Amino acid sequence: MFRAELDELEARYADRLRIVHVRSRDPRHPAHLRGHVDREKLDRWLGSDLPVGTVDAWFLCGPVEMATDLRDLLLDRGAEPDLVHVELFHGYRQPAVSDDSMSAEVSVQLRGRRHEVSLRAGDTVLDAALKAGLDAPYACLGGACGTCTATVRTGSVQMEQNFALSSADVEAGHVLTCQSRPTTPSVAVDYDA
Ligand code: FES
């Protein structure tokens, strides 16, 4: 797919664009580029052509296991979290439920109206809003797209995983509600901010 377009781009910008094709279903493809883009291949590239410190931004797109595995490796190797962008095109991990997850009363500001919602222990803020019949925004449910972002006004939550918000976003109080469970008995979130 897009092979001709990619070849043309690579030829036109030969001094600054290099494309490496990894193929999973071509037995004649070079052995070291066969299979999937996985931890082993990325680790090899990081140790040769692609040192972490030379890269301005990383864009990882793929199934959740692949994208999160590669992101973990990049962070282990010293990549700045804000420079690693992830798009999950299928599959997502349900946030794990910890033993200390708590029930809470959640006040939800959504499209100009405030709603009071009861959240059951183990549910995320988004779960609680949807169960209460609110039309809260979401898409990937995996912490990658940022569609479910809201701002915490009072109380606090814990995010399970976050591939979408920068550290500045998090410091400003933004959270991914699909990944957020309350850590206080009452929480107020604002989707309109
Ligand atoms: S729905 Fe995509 S990050 Fe929450």
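It should be emphasised that the depicted structure is a prediction, and the values quoted were computed from it without experimental measurement. Just so you know, ligand 1 is whichever comes first in the structure, and atom 1 is the first atom listed for that ligand. Just the heavy atoms: all of them, side chains too, but no hydrogens, waters or symmetry mates, feed the values below.
- Val55 and Leu75 fall within the same hydrophobic cluster, defined by Ile, Leu, Val, Met, Phe, Trp and Tyr side-chain heavy atoms under 4.5 Å apart, directly or through other members.
- Residues Val86 and Trp45 share a single hydrophobic cluster, defined by chaining ILVMFWY side chains whose heavy atoms lie under 4.5 Å apart.
- Any protein N/O/S atom under 2.8 Å from atom 4 (Fe) of ligand 1 was counted, giving 2 altogether.
- Residues Ser180 and Gln158 bring no donor and acceptor atom of their side chains to less than 3.5 Å of each other.
- In this structure the side chain of Thr177 never reaches within 4.5 angstrom of the side chain of Tyr138, judged on heavy atoms.
- Note: the hydrophobic cluster containing Leu6 does not contain Phe59 (ILVMFWY, side chain heavy atoms under 4.5 Å, direct or indirect links).
- Of the possible polar contacts, one joining the Thr183 side chain to the Ser156 backbone as a donor-acceptor pair under 3.5 Å is found.
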